[in-house]
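Positions are given from 1 along the sequence. No hydrogens, no waters, no symmetry mates; every other heavy atom, side chains included, goes into these values. Numbering of ligands and ligand atoms starts at 1, following listing order. On a predicted model such as this, the values are computed, not experimentally measured, just so you know.
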Amino acid sequence: MRIVDIETFQVPPRWLFVRVATDEGVVGWGEPIVEGRAEAVQATVDILAEYLVGKDPLRIADHWQVMSKSGFYRGGPVLSSAVAGLDQALWDIAGKARGVPVHELLGGPVRDRVRVYTAAHGDTPADVADHATQLVADGFTAVKVTPAGRLGFLDDRAAIRSMRELLDPLRDALGDADLAMDLHGRFSLPMARRVLPLLAEYLPLFVEEPVLPEYTVHLGRLTASTSAPIATGERLYSVGEFRLALEAGISVAQPDLSHAGGISETMRIAALASAYDVALAPHCPLGPIALASCLQIGFTVPNYLIQELPFSTYDEAGNAPYLTDPDPLRISAGHIERLTGPGLGIDIDEAAVRAAAGQPHRWRPPLWRHDDGSFAEW
Ligand SMILES: O=C(O)[C@@H](O)[C@H](O)[C@H](O)CO
Ligand SMILES: [Mg+2]
């Protein structure tokens, strides 16, 4: 089997899909994306495609090495995300060529369904609590909130007041459901040390990105100062970067399968995490291909906690977008059942993808500023 064609599609809301075609008619799909920087990843996929076209798609481990290392300069979000999407497509082809789901190639299933969570949003604390309560009523057993907005370096009193305003009624409204908190890297290290013990009182499922990923090396001070399980990883791109976070004592690793080198590298991250008694909760605010890739890992990796779900992209009837048959990604009682179809276990609606890619759209992250006019972390 040979790869004959590699094509990319920018599609709404903010995704990039890659289609890898072979001479035997087997087609694989992947999702190489850095949100808001899709064009940069797309150009990198084109460079990697120069090498891949003409090659045997089943030599995934070798292709991964060449794609990640042969450029001399390695890593980072753009290259690692381009590799990630192509790696997903190669695994999709490998599964389809053999007629089995990817997790069968990775060791077989260890569970029948994967627990999923999603984020609750709203303009006011009451709106967030309402949305979270609705999600739990819909069957979710865990929800995530971002309890702090724009923050300065030492904004403790204001931050703590507004967090309590949100979390006190929310925790009561959720009943037995779990509450995860995403701090989005907005806290300075000194402020995180004060805030985490307070958040721990709510018994969060995990507290995500308390500080920016560039301070991963300091995470050890935070994990030592709180009983709250610390999660991080959506902005880490390799098993080597995860090693620093694992040594710092995180409890939950959140690789994004569209950033951290795809299925291949995430299996290595999962293996290393298991040596630290750390569980995986892959990051996924992305599309159906990224989600299916995460789930394939979830069905075979023992140290797996929960999967993030881009629920806001599901339609009213509970269908994930861009699929000919949305059933495999349907949510039932807060879980997704084991995907049994070949490859990634989903069928991409190619006509819908081509139609969507034809419509101009562009997404950029919001730009936040402090009251004094200086840049603020989003
Ligand atoms: O954990 C999450 O899902 C968030 O941190 C998102 O990844 C971020 O807002 C970019 O979309
Ligand atoms: Mg996050």
Side-chain angles (χ1 to χ4, degrees), residues 10-16 31-38 40-41 77-78 80-81 84 115-123 128 131-132 135 140 142-151 163 178-187 192 195-196 199 204-216 219 222 228-237 241-242 245 250-260 266 279-291 293-295 305-314 320-321 361-368 376-378:
Q10 274 191 56
V11 294
R14 44 172 119 158
W15 304 331
L16 181 69
E31 219 175 307
I33 181 71
V34 177
E35 295 163 279
R37 300 290 180 264
V41 182
V78 174
S80 301
S81 299
R115 188 184 179 204
V116 296
Y117 76 90
T118 196
H121 298 289
D123 289 336
V128 178
H131 187 203
L135 290 167
F140 282 98
V143 296
K144 186 164 85 178
V145 297
T146 300
R150 192 185 56 171
L151 288 175
M163 285 192 300
D178 277 317
L179 175 60
M181 303 172 189
D182 186 354
L183 302 189
H184 230 238
R186 288 175 192 160
F187 283 77
V195 162
L196 280 170
L199 296 182
L205 182 63
F206 54 76
V207 179
E208 172 177 327
E209 278 199 321
V211 292
L212 287 166
E214 48 264 49
Y215 305 125
T216 295
L219 269 181
L222 291 182
I230 302 295
T232 199
E234 68 185 60
R235 291 184 274 185
L236 302 178
Y237 308 108
E241 292 183 12
F242 271 93
I250 64 164
S251 300
V252 178
Q254 300 177 298
D256 185 307
L257 269 80
S258 284
H259 303 331
T266 303
L280 254 64
H283 174 248
C284 188
L286 301 172
I289 309 167
L291 177 60
S293 301
C294 292
L295 293 167
L305 177 67
I306 196 165
Q307 177 58 51
E308 181 175 17
L309 192 76
F311 188 58
S312 56
T313 66
Y314 279 60
H361 78 282
R362 197 175 80 154
W363 186 83
R364 298 286 182 253
L367 175 56
W368 284 7
E377 292 290 341
W378 169 48

Nearest heavy-atom neighbours spanning P77 and V34
O-CG2, 3.6 Å

Does L257 reach the side chain of C284, with side-chain heavy atoms less than 4.5 Å apart?
no

Region of K144 that comes within reach of ligand 1 [heavy atoms, distance under 4.0 Å]
side chain

Rounded to the nearest 0.5 Å, what separates atom CD in E208 from atom NZ in K144?
3.5 Å

2.8 Å shell around the Mg ion (ligand 2), exclusive bound, protein N/O/S atoms
3

Checking the side chain of S258 only, and the main-chain atoms of E31 only, is there a donor and an acceptor separated by less than 3.5 Å?
yes

Any non-hydrogen atom of E208 lying under 4.0 Å from ligand 1?
yes

Could you check whether any side-chain N or O of E209 sits under 3.5 Å from a backbone N or O of L183, counting only pairs where one atom can act as donor and the other as acceptor?
no

Atom 9 (O) of ligand 1 has as its nearest protein heavy atom H184 NE2, 2.7 Å

Return yes or no for this condition: an N or O of E209 is under 3.5 Å from an N or O of ligand 1.
no

Quick one: CZ on F206 to CE on M181, what's the gap to the nearest 0.5 Å?
10.5 Å

As an exercise, state the distance from NE2 of H184 to CD of E377, rounded to the nearest 0.5 Å.
10.0 Å

Measure the distances from the heavy atoms of H259 to every atom of ligand 1 and state whether one is below 4.0 angstrom.
no

Contact between P213 and Y237 at the side-chain level, heavy atoms closer than 4.5 Å - yes or no?
no

Identify, by atom number and element, the atoms of ligand 1 in contact range of E35, meaning under 4.0 Å from any of its heavy atoms.
10 (C), 11 (O)

In the protein, what heavy atom is nearest to atom 7 (O) of ligand 1, and what distance, to one decimal place, separates them?
H283 NE2, 2.4 Å

Does any N or O of ligand 1 fall below 3.5 Å from an N or O anywhere on E234, backbone included?
yes

The reported gap from CG in D182 to OG1 in T232 (rounded to nearest 0.5 angstrom) is 9.0 Å

Counting heavy atoms under 4.0 Å, the part of W378 that contacts ligand 1 is side chain

So if I count the atoms of ligand 1 from 1 in the order they appear, which ones are less than 4.0 Å from some heavy atom of D182?
1 (O), 2 (C), 4 (C), 5 (O)

Protein heavy-atom partner closest to atom 3 (O) of ligand 1 - residue, atom, separation in Å:
E308 OE2, 2.5 Å

Under 6.0 Å from the CZ atom of R364, do we count more than 12 heavy atoms belonging to anything else shown?
yes

Atoms of ligand 1, numbered as shown, that sit under 4.0 Å from any heavy atom of P285
7 (O)

Whether the S81 and H259 side chains hold a donor-acceptor pair (N or O, under 3.5 Å, no angle test) is what I'd like checked.
yes

Take atom OH of Y314 as the centre, draw a 6.0 Å sphere, and report whether it contains more than 12 heavy atoms from other residues, nucleotides or ligands.
yes

What atoms of ligand 1 come closer than 4.0 angstrom to any heavy atom of R14?
11 (O)

